[in-house]
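The sequence lines fix the lettering, A, B, ..., with proteins before strands; numbering per chain opens at 1.
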Amino acid sequence: MPKGDFLGEFEVLILAAVQRLGDDAYAVTIKRELEKRAKRPASLGAIHAALGRLADKGFVTFRVSDPLPIPGGRSRKYAMITAAGARALRHSTDALARMIDGLELGSAR
Amino acid sequence: MSKYSSPPRIAEWLLKRASGPDDSVPVVNDFREAFEDQMVEAGIARARRWYWAEALRSILPLARRRLTRGRRRATTERHAFLDSVADDIRYSIRITGRTPLASAAIIATLVLGIGSTTSVFSAMNGVLLKPLPFPKSARVVELHGIVPSGAEIQSLAYPDLLDFRRMVSDFSDLTYYRQQDQTLLHGADPEVLRIVQVAENYPRVFGTRVLLGRWFNREEITLNAPKVVLLSHQFWMREFGGDRSIVGQNVSLDNESVQVIGVLSPGAYTYPTPSADALTPLIIVPNTPMTNRGSMWAGASARLRTGATTESAQKTLASVTALITKENPRSNTGISARLVPLQASIVGSVQPMLKLLAAAVAAVLLIACINVANLILGRAQIRSREFAVRSAMGGSPGRVRRQILTESLFLATIGGVLGVATAPLLTRTLIAVYPERMPRAEEIGVDWRVVVVAVVATMIAGSLSALPTVRSAGRLDLTRDLREGNRSGIGRGELRIGRALVVAQVAASLAPLFGAGLLLQTFSRLTRVRPGFDAKNTMTFRVYAPVARYKSSAKYYEQATAALHEIPGVREVASASTLPFVDGQFSDTYIFKELGDQGTRNPHSIVAFVSPGYERAIGLPMIRGRTFTASDDSTAEPVVVVNEAFAKHFFPSADPIGHVIDWNYKNWKIVGVVASSYISSLWEETPPILYASTGQNPRRGRYFVVRSDLSPDNMLVAARAALHRVDPTIALTEPASMRERVDASLRAHRFRAAMMVSLGGLALLLAVIGIYGVVAHAVTRRTREIGIRMALGEASRDVQRRVVGDAMRVASVGIGLGLVLALLAGRWLAVFLIGVSPSDPGLLAASALGLAAVVSCAAYGPARRAARVDPVTALRAE
């Protein structure tokens with residue numbers, strides 16, 4: 001894996017959220033997931049920007065849904081993790097795991 | 001969305017701007033969804049506050065993303081574009097190599113077009129556009145004198161010039177000068193130097209600088225001061241090898257000892273003689289014609305004060321002139337002065353010629369482009385199937401067009417580089433064959449302006465040549481091209497464009513052809529004009545007998561004439577102050593005794609001083625009366641001889657012999673009439689001339705006229721030896737036979753005719769190639785049709801006639817258009833024509849018929865091929 005494809009922390013979190021959400025991953029649900037699980041506030045704009053960067057690297061692809069069948073229904077831009085994205089996520093988390101293995105970090109709780 | 005309140009509009013607008021057109025829809029949709037969730041949870045007011053906060057936090061990352069993505073896309077697109085351009089060029093090289101003959105033809109045509117354009121422009125640039133090589137040269141004007149007859153001369157009277165300098169406030173300074181050749185004795189042979197005599201303030205107008213020594217001081221410019229000289233840098237290097245010790249030493253000029261006080265800087269500008277050998281002080285001798293008003297002998301130039309213009313200075317000058325005339329009505333009535341920017345004054349004479357050249361060269365470039373366009377079109381037609389396949393495989397028409405343009409520009413660039421490489425050679429040839437010494441020729445060279453013009457010419461040639469093909473490629477018809485490409489390789493549209501090109505080419509060739517005819521006819525008429533004297537077997541040259549060596553020049557000329565007579569084969573020897581077809585004829589005013597002084601209406605003519613035997617030596621028949629003899633000296637009765645034009649003009653119904661002329665404080669009796677001759681050109685009228693004898697009017701500088709049985713070269717060698725024996729310090733200059741002098745006066749006409757004939761020939765050649773190509777293509781394309789017709793019984797002679805007829809129909813449209821262009825060209829050439837009408841119908845018809853004949857010859861080759869088509873083979877080939 002080329003050096004430039006390492007992920008930033010925020011990108012790791014987003015990619016993890018996309019993978020976790022499966023077919024229902026779009027900016028609103030990703031934001032909710034980040035706040036719920038990672039206790040990490042993120043603006044919708046930042047999430048869109050990060051998804052765009054991940055797409056440039058080939059780690060996610062997009063699918064634009066048909067408008068919802070209700071009055072004023074809108075289309076959504078869903079993100080899906082690619083195989084390369086899944087590999088990059090594992091690579092980053094493995095590296096992190098190996099680095100912190102055995103460290104006395106104390107508990108955040 | 002009636003049941004929901006909408007999100008804040010400004011915030012939404014900001015979000016749209018930040019995310020850009022591609023992302024704004026999903027971003028805004030997500031925001032609305034989240035906004036609606038917030039509204040359900042917390043109410044409208046809080047939801048709006050949330051929306052604002054969320055939007056403000058989002059703007060920065062969205063905008064940053066938009067920027068980086070834009071840059072990424074631009075980079076990838078640029079890479080793709082450059083990659084494909086590189087592909088196009090690589091492909092162009094392959095195609096060029098694959099069709100070497102066609103490519104060579106295209107490149108050669110472009111080399112010719114671009115090379116000649118560049119070289120003519122570099123001449124125009126050096127002569128017309130570049131400022132003169134000294135500081136603020138654009139502010140220098142030359143003063144021209146206007147004499148009562150209205151003629152403009154490049155000199156004025158000294159006292160008038162002093163008044164101008166004092167009274168015209170628009171001049172920051174005014175200086176005067178005069179050309180004076182002097183003989184230097186240094187080394188084995190005497191050498192005549194081109195010298196400018198200058199006033200002390202000369203550098204303030206011309207920015208002259210001194211490298212060694214110093215400029216003239218005030219005392220050296222006064223009468224009876226010790227003689228001094230400043231050498232030009234190139235003369236110092238040539239004659240003295242750059243020896244610095246020459247400054248302070250004495251040299252011999254016209255047999256007088258003159259001290260060298262310095263050397264000018266390299267490139268120092270000298271006027272009116274460019275690159276003069278030396279400068280000497282111009283010393284004004286009081287109470288001589290030099291200080292007379294009305295005696296216009298001094299050249300003058302002035303530098304305009306800051307803020308003054310040529311027009312404003314001209315106005316002031318006019319009022320000063322009026323004032324001078326009022327105070328000196330006798331000498332200055334009818335005399336005025338005109339200001340001419342120095343550069344215009346120097347290059348004025350070449351301007352029309354260079355413009356003619358530029359137009360002719362532009363026509364050649366245009367015809368070359370049409371030809372190349374034709375060749376490229378032909379190549380593209382052969383490849384139309386290739387283009388169709390490319391399109392079918394997803395190559396856009398734009399891509400195909402770009403490929404064609406790249407190929408054309410690629411070829412043009414090769415042509416341009418080679419053209420620029422040959423340009424200096426062409427320029428040198430141009431300067432060499434130019435009829436006169438081209439002013440500022442030494443300043444002609446390649447500079448950035450020339451390079452820009454060459455690049456522009458190349459680009460224009462490249463794009464213009466690709467244009468027709470690009471247009472036709474835009475109308476690509478896939479099904480037709482894939483199908484037809486198989487059969488014939490040419491579509492109807494392309495054929496039409498090919499025809500249009502032939503029309504353009506024929507039209508563009510007719511004008512240079514007609515122009516060549518006009519100039520050639522002018523030239524041949526002039527060569528048949530008889531000059532009036534007998535130019536055969538006559539050698540002429542000039543000598544000068546300086547005061548320091550001969551108190552009376554008569555003694556020298558007596559000895560020299562005798563020495564020349566002794567040369568075996570010499571039949572006549574005479575000398576004269578001036579000759580026909582020599583620059584600088586002297587004119588003067590006189591009074592007919594019986595008419596009395598008529599003031600400004602006194603008769604006026606050329607006056608020539610000749611020795612006895614002049615008319616026999618130059619071959620002018622005597623009409624009546626007698627000619628000068630050796631006894632017509634200062635002690636005898638003053639006599640003059642006039643020419644026939646003089647007799648006809650002043651004595652239309654009487655015999656001039658016996659009439660008396662009051663001239664130069666003496667009464668001169670007319671004793672003879674001699675035949676008229678042309679004096680400065682073969683096309684102006686033969687002017688009246690008053691001949692006076694050198695015996696009664698001594699002249700130190702004279703031309704010898706020697707009629708002999710010797711060849712001009714042998715005559716000259718013998719003459720040099722004879723004169724050397726008489727006096728080794730006197731140099732023989734300006735040698736030329738009379739035949740050469742007359743020919744030299746035709747040089748401009750010969751040059752123009754030769755140039756136009758070669759350009760016309762070139763245009764014709766290119767047209768032939770183009771027409772041949774188009775007809776050959778058409779025949780190839782219609783092989784099947786011809787086969788069918790022949791199978792149905794058409795005779796091969798008819799086929800041939802039809803193919804030629806088709807070509808002629810196309811060409812006749814071109815000729816029709818060409819006639820209009822030819823008439824325009826003729827009107828434009830009118831200034832160069834003598835005795836030939838600029839719309840000469842016979843010549844116009846001859847040019848058109850000649851062109852038609854050439855076109856039919858060009859079409860004949862392919863037509864024969866068409867006539868030999870074997871119907872069976874042609875049909876089976878399908």
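With chain A as the partner, the residue from B/Val28, B/Asp37, B/Val27, B/Thr68 showing the most heavy-atom pairs under 4.5 Å is B/Val27. Contacts with chain A were tallied for B/Leu62, B/Leu56, B/Leu60; B/Leu62 has the most, counting heavy-atom pairs under 4.5 Å.
Residues B/Glu12 and B/Arg32 have side chains in contact (heavy-atom distance under 4.5 Å, counting atoms from C-beta outward).
Of residues 28-40 of chain A, those residues with a non-hydrogen atom less than 4.5 Å from any non-hydrogen atom of chain B are, in numerical order, A/Val28, A/Lys31, A/Arg32.
Interface remark: A/Ala42 contributes backbone atoms only to the contact with chain B (heavy atom separation under 4.5 Å). Interface remark: B/Asp23 contributes side-chain atoms only to the contact with chain A (heavy atom separation under 4.5 Å).
Within a 6.0 Å radius of CG in A/Asp94, more than 12 heavy atoms belonging to other residues, nucleotides or ligands are found.
In this structure B/Arg402 satisfies the salt bridge (Lys or Arg N to Asp or Glu O under 4.0 Å) test together with B/Asp88, sequence neighbours excluded. Take B/Tyr51 and apply the side-chain hydrogen bond (donor to acceptor under 3.5 Å, both in side chains) test, not counting sequence neighbours, and it matches no residue.
Side-chain contact annotation: B/Asp30 with A/His48, donor-acceptor N/O pair under 3.5 Å present. Side-chain contact check for A/Arg76 and A/Tyr26: at least one donor-acceptor pair (N or O, by modelled atom type) lies under 3.5 Å.
Salt bridge status for A/Glu11 with A/Arg53: present, with a side-chain N to carboxylate O gap under 4.0 Å.
The salt bridge (charged side-chain N to carboxylate O under 4.0 Å, His left out) pairs that include a residue from residues 404-418 of chain B are B/Arg379-B/Glu407, B/Arg383-B/Glu407, where partners are two or more places apart or lie in different chains.
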